[in-house]
Every structure is written in structure tokens, then in C-alpha cells.
Undergrad: 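My structure is below; once you've seen it, I'll send some questions.
Bear in mind that the values here come from a model prediction, so they are computed numbers and not experimental data.
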Amino acid sequence: MSFSLCSSELIYPDIEGLRNTKANPVASKSFRRAGDYIKKHYFLSSYSDAKKMVISSHLIPGHLEGSFMGNKRQADPRRKLEFVRTLLIDNYDSYTYNIYQELSVINGLPPVVVRNDELTWENICSFLYEKGAFDNIVISPGPGSPTCPADIGVCLQLLLKCWDIPILGVCLGHQALGYAHGAQIIHASEPIHGRLSEIEHDGCKLFANIPSGRNSRFKVVRYHSLVIDRESLPKELIPIAWTSSDDTLSCFEKFDAMPDAYESESPQANFDSFSARNGSYCASRHVNGTKSRNVIMGIKHATCPHYGVQFHPESVATTYGRQIFKNFREITEDYWLQSSSFSSDRNIHYTASMQVPHVNRLFGAIHTGRQSVKKEDIRLDGEAPSNGEFMQGADQRTFGFFDMVNVLPPSVGAKFLRLKWRKFDHLASEVGGARNIFSELFGKNRAENTFWLDSSSKEKGRARFSFMGGKGGDLWKQLTFRLSEESNATGKCGGHLLIEDAEGSTHSKFLEEGFFDYLNKELLSLCHEVKDFEGLPFDFYGGFIGYIGYNLKVECGAASNAHKSRTPDACFFFADNLIVIDHHSDDVYLMSLHEGNTIITQWLDDAEKKLVSLKGSATRKLDEWISNAVANSPHEAGFHSEKSREQYLSDIEKCLKYIKDGESYELCLTTQFRKFIGEVDPLRLYLHLRERNPAPYASWLNFSKEKLCICSSSPERFLRLDSNGILEAKPIKGTVARGATSEEDERLKLQLQYSEKDQAENLMIVDLLRNDLGRVCEPGTVHVPHLMEVESYATVHTMVSTIRGKKQSNVSAVDCVKAAFPGGSMTGAPKLRSMELLDSIESCSRGIYSGSIGFFSYNQTFDLNIVIRTVVIHEDEASIGAGGAIVALSDPETEYEEMVLKTRAPANAVMHINVT
């Protein structure tokens, strides 16, 4: 096992867990922590391979000489460290990897991420003092309080015992610094989450080159319910920053001042707006003639190089956040270069190595699996396994599990797939559009075993392609997965998979490693020829199409599932034949996959004949199906709810209490509505839904043997990976009904745009998604091209943001999904703690709702939605999930009404088919 991380040229020493019997170090062995699991970077199968990778300093200008242990560096105040090695303590937060991304860029080397209960103090002490493995420590934000040992883990020991190592605490880490030295932690006058404040500071090194005070452009994002009580601050802790006023700011005020949070930050600091009297702190100030009590936003230790900031410098909306991390690097450099202990007490172990693109070509099949490992057996070394086997079986709650990274285990047989396709220019509208194509080609026999990823809302370029098909050729199969009882209860992976092939034969197997592991191996076993799909403007050429249920969160780090799903936890078709519609050009594509070099065109020929026969034919008007009946709530449409109005309001109050106590910043509370509908035509229901509530990520899935149909009009993308390796998330947070008149509609739209509460909701999830993408993206590539834009749909306005990043080349498509699932817009933040709290509040499983529908292409691209605005029909019952984000600014009555609003379109679609 290793917590070492590979930069472009240098890596950390490894934590012992893999041993080479010859005790020869392999320079390129590296693993990356990614939340609850460890990402394997590069692994060379032999020492001889590794030797080719080791380079001397003359090959890297300005770098250290080769590899050395314990060599003394002479303190030279004119010299700066080539890179800074950070130990990043993760307090189970959902923003830690935003810090990780920042430090990776600023330090020149990615930090090592370790959770606060993952290693003992003795382990960490060995790494810090015996091995000299780190130059500084950053303690992350997190839920809870530093007064609770389960929330803070080893952090208090670090703050008290590592007096000679630079430490920066963020939010919870800041509070821990205060608490460790005797300060009291108290409730803030009000919880502040996802909101901005102006900050004054004393001009110390941590705030060098950063302006201060009101109207200074220094605005920070705050996520906290607790604060350090300034009256109890001990003399050894010095306040260095505080709020300028009691007022919070709109995000748009911030972006008016500084459109790009990561633009070149001004080196001009104006210190005239505050008093910096030898670190003294002004406990109150007068604003417009009224006294304003300031909240401590930063502290430092009087004699140790320890600092804390209450705000979040890593947030996308904080200005000068990167400068703070740069300043901490400089503090670290100055400390070690001027410290007498730098050359005598600190052992340095650097290994210069070069990253090689596509390094996994150098090695072949590698096994993955599990074996027992004790924490106390882990230590830093430079050894690697001689036989290519990984450390296996670390307790998932501690070390997670290893994922394959684009390498094929020998137990999985490779399939070489070839693609044949035909294009028909400008045909779609001539044959009645997507609805008519699907109805005529796949709508017979109750549309059994069919799929339709339906971009039914094409305005403003929100979506471009629709994919549809049914039971196809020889490669077609259906996967149906259910978590085991033990997996639901304990959070361990494992469940039962039923596989049906094209001939109708079925067989089952138990997946000890879970569904995502199986799907990953399946996709990695599929080989392709890039030239087969050259020129195609879309990224799905065939592969798996279906859904991932919310309960698969237990395979992504969640502790357990409190409620078992009534529906399968995942269902997918392997689609080898499909039709693609380009809504921009009106073109239609026929796609057919086959194995090997056999050329099979029967399906292409048959589908072409059917398409041509539709040309010029009369198409049935949907209007003849439409009823005028409209329900304003699911109850009017005949649904009964899992929670009464009073119970739901009570649940909101519980959420607000958790938020006040610092257990969460935001909780996405949901409930379910159900109605017995008997024998109905589900396709008719879906066609009505897509007509009345078109959406860019709508979908239809019919798993007939499971008596399961999904009719979704989702407006939200969860995650997409394109053929260029770009990951994109588009979370929605903030919803309001459309107005009855154009004037009212515009007023409501602007009201949403400038709502501080909705901005806070959205910002919290944007930062969460940045964190999730940051686990699997190249450092410095995660960015937010669109923040808090309002999109309008048939019944609602919504606030949408876009987050993008460049996927690391050694991370698989399934790795990316696991790093971010479930979508943060359906959980809240911090994600793991929020999911635990929601499981304790909600009374039933979310099932398919809150999960994702979409495709995994055989060429390792994918596109998945968030399952909202959806009707699930299972065994003659229709269910609709709905909810909303609860934040400190939430009004329970308003939250309830927003939740009901979100059910309106799907509930009316169900009511319609019952009255016609």
C-alpha cells in the first residue's frame, strides 16, 4: 500500500504494504488516495523497468540529485524549496479535494491525503520525524465539532505535539487549533453556509499581498455553524483576521468585483482600513454609527508556525484563496530554510522519476483483490511487490479498495468490437421526429426491453443527441443487480447479478466486489478500433445503457443503507444496435456493434427499410391523447405520500437542527409519493410527460421482466465524460415556478437569480462537485465556466452551474462515477455525513430516484443524468420522488411548497393516463 503521489517529476516515499523480496525500490510505484479508495497511478512489473525510469538531476535542471535518504541540506535563506510536501488530513469533508487541487499546483507536488482516523499518532509521528516525509500539514474542514473525538480524530494531537512543523487548519481545522489550546467552541450567532463576507486582517505572512477591509475585494466563503469564542482565546493564540461587518454578500457582488476567482491576484494590499498593532485584535468596531461584533476569521500561534482560517480559501467564490495557500507555502519554506532543525532533525527522501504517458503499456495483466492488513504494519519505504500483486483486503472503512485503472485482469476475456454505421442526412423531421421513430420502430409489444435517452428539450444547446433501441443482436444482454442484505446493512460491497442474454437464457452470480467493480471490468475488457467511429459527432457508439440506484452509494463510501430498495439497485442493457438522432442537423444514424471481423448488416438493412417507410407517412398527433385535467399537487392526482405535510415540516426542522450544530452545511431532504395504477400503457404516459415537460436529459427505460418502466423528464446532468477526457457536471440547486404572465415570469426569474438562499445552496454543491471531480482530474484543470445561470423549463426556472475538469489518463470511466456518486445535488455537503443523517430522517429507500440514468460507451465515455422529475412504474404502482436542499436560510413552509412543485409535471402525466 502507498499514500505516495506522483507529480510530473517527483514522488513521495511509499508506505510499506507491498514488498519486493529483493528489497529493490521501484521508483515509479505510486498510489493516489481518492476519498474512500486509493487510485493506482503507475506500476512497473520489474526492477529493471524501474531503473529505466530513474533519472539524475542533470536530466531535470534544478532538481535534486537522483534519490537520497538523510542527506543534509544547508540552510540558505536565498534558496527556495523545489517543491513542498504536504500531509493533508481529511476530516471526512466534501471540500478536501479542492484543497488538494490547489496544493498540487502551488506546491509542485500533490499532497498525501489521509483521513483523520486512518493512521495512529504513532504512524504519523514516524512519517514526520523518523522519515522526514512531509514539510507541512493542512487540516481540512469537516462536519461536527473539534470537541468530539470522532469528528476530529488525530488532529488535536498533531496541533499539540507537532509544534515544530508548519500547520494550516481550515474551518474545522481552525476551530481545532483554538480548542487544542484552551479556547471554547460555541454556536455562531447564526449559521453561515455558502455565503460571503468581507474580511479584515493584520497583514501577517498568511495574508501577505491580500487587501483588507470593506470594499477591498477580499471576500471569503464561509461554511460554519460554530466559532471560536473570542473571550476564551488564550494568550498564545493571536487573532489575525475577522469579519468586517455583520453583513453577508451576494455571490454576484463578488463576481462583479472579480469575475474569475483564479485570475491573477493583485499584489497590491491596502492596509489602511485596519489597525495591525503587533497582532492585537479589535474586538468590535463601529459601522455607520452602530457597534458591530466581529467574528474571528483567522488565528496564529504566538511561537509555533500554526495558523487557522475559519473561512474556506479553496471555494470557487473566495477571492485571493490561492494567494493564502501560496503564502503558507512561503511560510513553510522560510521556516525550514531558517530552522536549525532543517539540516539535523529532518530526514529527506526524494525520488526523482519521470511520468511516462500510457505507462501501463509497459506491464500486462495485474490482479486485484483483498487481503488483511493491519494499520500498524504500514510504514514508509521504497519497496514494491516483485510479483505484481497488490496489497489486498484493507478494511474498506479504513483504506477502501483498489480499483483497476485501465488494465485488464486475466480472468476477464477481452472482446474486440467493431462498429458499422450509416448516416441519413436531414431525415428526422421527414419521418415525424424522434417520437415517431421510437413509436414505430420500438413501440410495438408495449415497448418491452427498450431504451430512449431523449433530448426532448433542445433549446439553447442544452442537449443535442437522442439514443434509442431495443433488444438487439448477439451481444445484447440485460444486467439486473441487487445489493445483498449484508451490503445494505454494513456498507460492504456485494450483491446478486442476474444476466439474461440475447437468446433469453439467464444465469446469476454473486459479485463480492459489487456492481461498479463488475461494470469496470466489463468495460475494460472491450477493445475497439478508433477509426470505426471517426467522424461521428457524439460519444455513445454502443455499450451499457440503464440506471444506477441511489443505494449503490454503499459502493462509493457511504456507511450503509437504512432502507432496502423495492426495485433493483442497478439495471442495464448492453445495446449493440441503436439509432441516434442529431437534433441540431436533423440527421439520423444507425449503429451496429459486432464482435471480431465478422460483418453483419442484417439489422442495419432492416432498420433502414423501416426508416424509409416512415418517410411521408402520417404521424399520430399527441393532441388526441391529451386531457385538460391538471393537478396542482400529487395528492390531487391521487398519490399518497410517505410523509404527511406535518411530518415533512418536522423533518425540515430536524435538518435545521443538524445544520445549526455543524453536522452538515446542506441536507437534501426527500420523500416519495405512490399511486396504484394497475394495467396502463407506460409509453403513453412517457410520451405525454415529454410533450408537456420536455427536458434535455429525459429518458425512457423498460425492463419488462422486472415489470419496471422509468419515465424521466430530468433537466439535470450528473456527470459526463467525453472522448477528449473532459469531465462535466451540471448541478441544479434553486427552483421557482414559472409566472402566469411574462412580467411575473421575468420577476420570478430575477428573484431566483439574486436569492441569497438559492445562491448559497448552489455554491455549496458547486464546491462539492469541484471536490468530486478533483479526485480524478489533473491538478489545476477543475474549473467553473458557468456559475449560477438560470435556465427556464415548461413549469420552472432553475439555477444551474457547470463544472469541468480534465480526467487523469490512468483513471477509468467507472472510477470517475464512483468518485462523485450519488450526485451532490441530491445529498448535500459534506456528502458522507449528510447521507448518514438523511438515512436516519427519511422513512423509505429512494430507489431509482436520486440515482442516475444514462450510458457507458464501450470506448470509455459516459453521460448520466440525475433521476428527478421522474415516474417509476413498478409492479402496477407509480412512484415519484421529490425533495429539496435544506440550508440555514430555509423556511420550512417554502421548502415544502417547492418540493410539491417539483412533483407537478410527473404527477399530471400519471393522472392523465388514468382519466383518458
Undergrad: Any side-chain heavy atom of Pro239 sitting closer than 4.5 Å to one from Arg230?
TA: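 In short, these two side chains do not touch, never coming nearer than 4.5 Å.
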
Undergrad: Mind listing the closest non-hydrogen atom pair of Leu769 and Ala729 along with its distance?
TA: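 The answer is CD1-CB, 3.6 Å.
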
Undergrad: Determine whether His174 and Ile296 make a side-chain contact, defined as any pair of heavy atoms from C-beta on separated by less than 4.5 Å.
TA: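 Sidechains of Ile296 and His174: in contact.
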
Undergrad: When you compare the side chain of Asn107 with that of Phe83, does any pair of heavy atoms fall below 4.5 Å?
TA: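 Phe83 vs Asn107: side chains apart.
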
Undergrad: Apply the test salt bridge (Lys or Arg N to Asp or Glu O under 4.0 Å) to residues Glu102 and Arg770: give CA-CA distance (whole Å), side-chain angles for both, the deciding distance (0.1 Å), then the verdict.
TA: CA-CA 11 Å; Glu102 287 295 295; Arg770 289 175 58 239; 5.1 Å; no

Undergrad: If the condition is ring pair (Phe, Tyr, Trp, His ring centres under 6.0 Å), which residues does Tyr665 pass it with, not counting sequence neighbours?
TA: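 Tyr95, His193, Tyr223.
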
Undergrad: Measuring from His312:NE2 to His224:NE2, what's the distance to the nearest 0.5 Å?
TA: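 Rounded to the nearest 0.5 Å, the NE2-NE2 separation comes out at 8.0 Å.
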
Undergrad: With rounding to the nearest 0.5 angstrom, report the CG to CG distance, Asn116 to Leu172.
TA: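 Here the interatomic distance stands at 8.5 Å.
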
Undergrad: Which heavy atom in Leu837 sits nearest to a heavy atom in Ser664, and how many Å separate them?
TA: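 Of all heavy-atom pairs spanning Leu837 and Ser664, the closest is CD1-CB, 4.2 Å.
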
Undergrad: As an exercise, state the distance from CD1 of Ile165 to CG of Leu159, rounded to the nearest 0.5 Å.
TA: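 Answer rounded to 0.5 Å: 11.5 Å.
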
Undergrad: Among residues at least two apart in sequence or on other chains, which ones pass ring pair (Phe, Tyr, Trp, His ring centres under 6.0 Å) with His181?
TA: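 Result, ring pair (Phe, Tyr, Trp, His ring centres under 6.0 Å) vs His181: His301.
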
Undergrad: Looking at Pro696 and Tyr793, what are the two nearest heavy atoms and their distance?
TA: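 Taking every non-hydrogen atom into account, CD-CE2, 3.5 Å.
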
Undergrad: What pairs with His797 under ring pair (Phe, Tyr, Trp, His ring centres under 6.0 Å), at least two apart in sequence or on another chain?
TA: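 Once residues adjacent in sequence are excluded, His797 has no partner under the ring pair (Phe, Tyr, Trp, His ring centres under 6.0 Å) criterion.
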
Undergrad: Could you please spell out the steps behind the side chain to side chain contact (heavy atoms under 4.5 Å, CB included) verdict for His201 and Phe218?
TA: CA-CA 10 Å; His201 59 76; Phe218 182 33; 4.0 Å; yes

Undergrad: Work out which heavy atom in Asp164 is nearest to a heavy atom in Trp336; give both atom names and the distance.
TA: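 Nearest heavy atoms, Asp164 then Trp336: O-CH2, 3.5 Å.
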
Undergrad: For the pair Ser94 (side chain) and Lys831 (backbone), establish whether a donor and an acceptor sit closer than 3.5 Å, ignoring hydrogens and angles.
TA: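 Yes; at least one donor-acceptor contact below 3.5 Å.
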
Undergrad: Are the side chain of Thr319 and the backbone N or O of Arg217 linked by a donor-acceptor pair below 3.5 Å?
TA: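 Side chain of Thr319 to backbone of Arg217, a donor-acceptor pair under 3.5 Å: yes, one is there.
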
Undergrad: Output the distance between atom CG (Asn327) and atom OH (Tyr307), rounded to the nearest 0.5 Å.
TA: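 Reported value, rounded in 0.5 Å steps: 9.5 Å.
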
Undergrad: As a quick check of understanding, evaluate side chain to side chain contact (heavy atoms under 4.5 Å, CB included) for Asp135 and Arg329, giving each step before the final call.
TA: CA-CA 9 Å; Asp135 301 311; Arg329 170 180 172 143; over 6 Å; no

Undergrad: Can you check whether Glu314's main-chain N or O pairs, donor with acceptor, with Thr318's side chain at less than 3.5 Å?
TA: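 Checking the backbone N and O of Glu314 against the side chain of Thr318, no donor-acceptor pair under 3.5 Å is found.
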
Undergrad: Let me see the working for Leu773 and Leu719 under side chain to side chain contact (heavy atoms under 4.5 Å, CB included), right down to the final yes or no.
TA: CA-CA 9 Å; Leu773 267 62; Leu719 200 60; 3.7 Å; yes

Undergrad: So, does Gln101 use its side chain to make a donor-acceptor pair with the main chain of Gly774 at under 3.5 Å?
TA: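 A pair under 3.5 Å: yes.
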
Undergrad: Do any N or O atoms from the side chain of Asp202 and from the backbone of Cys204 form a donor-acceptor pair under 3.5 angstrom?
TA: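 Side chain of Asp202 to backbone of Cys204, a donor-acceptor pair under 3.5 Å: yes, one is there.
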
Undergrad: Tell me, please, which residues at least two apart from Glu728 pass side-chain hydrogen bond (donor to acceptor under 3.5 Å, both in side chains).
TA: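 side-chain hydrogen bond (donor to acceptor under 3.5 Å, both in side chains) list for Glu728, sorted by chain: Arg717, Arg804.
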
Undergrad: So, does Glu198 use its side chain to make a donor-acceptor pair with the main chain of Lys219 at under 3.5 Å?
TA: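 It does not hold such a pair.
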
Undergrad: Do Val170 and Asp93 come within less than 4.5 Å of each other through their side chains, counting heavy atoms only?
TA: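 Val170 does not reach Asp93 side chain to side chain.
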
Undergrad: Who passes salt bridge (charged side-chain N to carboxylate O under 4.0 Å, His left out) against Glu190, sequence neighbours left out?
TA: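 Partners of Glu190 by the salt bridge (charged side-chain N to carboxylate O under 4.0 Å, His left out) criterion, ordered by chain and then number, come out as Arg195.
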
Undergrad: Count the heavy atoms belonging to other residues, nucleotides or ligands that lie under 6.0 Å from NZ of Lys660, then report whether that count exceeds 12.
TA: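 For Lys660, atom NZ is not crowded (no more than 12 foreign heavy atoms under 6.0 Å).
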
Undergrad: Could you tell me which non-hydrogen atom of Val227 sits nearest to which non-hydrogen atom of Ala188, and how far apart they are?
TA: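 Scanning both residues completely, I find the closest heavy atoms to be CG1-CB, 3.8 Å.
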
Undergrad: Mind checking whether Ile99 and Pro141 have side chains closer than 4.5 Å, heavy atoms only?
TA: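 They are in contact (side-chain heavy atoms under 4.5 Å apart), so the answer is yes.
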
Undergrad: For the CG atom of Leu750 and the CG atom of Asp745, what is their distance to the nearest 0.5 Å?
TA: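 Separation between the atoms: 10.0 Å.
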
Undergrad: Could you check Ile106, Leu109, Asn136, Leu103 and say which one makes a side-chain contact (heavy atoms from CB on, under 4.5 Å) with Val84?
TA: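 That would be Asn136.
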
Undergrad: Judged by atom type as modelled, is there a donor-acceptor pair below 3.5 Å linking the side chain of Thr243 to the main-chain atoms of Val295?
TA: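 Yes.
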
Undergrad: Do Leu667 and Ser834 come close enough that some side-chain heavy atom pair is under 4.5 Å?
TA: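 A side-chain contact under 4.5 Å exists here.
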
Undergrad: Would you check, one step at a time, whether the test side chain to side chain contact (heavy atoms under 4.5 Å, CB included) holds for Cys777 with Gln808?
TA: CA-CA 5 Å; Cys777 286; Gln808 296 172 25; 5.6 Å; no

Undergrad: Between the main-chain N or O of Gln753 and the side-chain N or O of Gln759, is there a donor-acceptor pair closer than 3.5 Å?
TA: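 A pair under 3.5 Å: yes.
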
Undergrad: Any salt bridge between Arg747 and Glu743, counting N to O under 4.0 Å?
TA: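 Judged by the 4.0 Å cut-off on N to carboxylate O distance, Arg747 and Glu743 do not form a salt bridge.
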
Undergrad: Working to the nearest 0.5 Å, report the span between OG of Ser140 and CG of Asp90.
TA: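 Those atoms lie 4.5 Å apart.
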
Undergrad: Contact between His306 and Leu158 at the side-chain level, heavy atoms closer than 4.5 Å - yes or no?
TA: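 Of all side-chain heavy-atom pairs linking Leu158 with His306, none is under 4.5 Å.
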
Undergrad: Is there a donor-acceptor pair under 3.5 Å between the side chain of Asp229 and the backbone N or O of Glu231?
TA: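 Yes: the side chain of Asp229 pairs with the backbone of Glu231.
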
Undergrad: Does Phe311 have any ring pair (Phe, Tyr, Trp, His ring centres under 6.0 Å) partners at least two apart in sequence or in another chain, and if so, which?
TA: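 Testing Phe311 for ring pair (Phe, Tyr, Trp, His ring centres under 6.0 Å), a comparison that skips the adjacent residues, returns none.
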
Undergrad: Quick one: do Glu330 and Lys326 make a salt bridge, cutoff under 4.0 Å?
TA: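 Looking at Lys326 together with Glu330, the answer is no, because their closest N to O distance does not fall below 4.0 Å.
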
Undergrad: Would you say the side-chain atoms of Ser232 pair up with the backbone N or O of Gln184, donor to acceptor, closer than 3.5 Å?
TA: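 Yes; at least one donor-acceptor contact below 3.5 Å.
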
Undergrad: If I compare all heavy atoms of Pro166 with all of Thr332, which pair ends up nearest, and what's the gap?
TA: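 Looking at all heavy atoms of both residues, the shortest contact is CB-OG1, 3.8 Å.
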
Undergrad: If we only count heavy atoms from C-beta on, is the Met297 to Val309 side-chain gap below 4.5 Å?
TA: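 No - every pair of side-chain heavy atoms lies 4.5 Å or more apart.
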
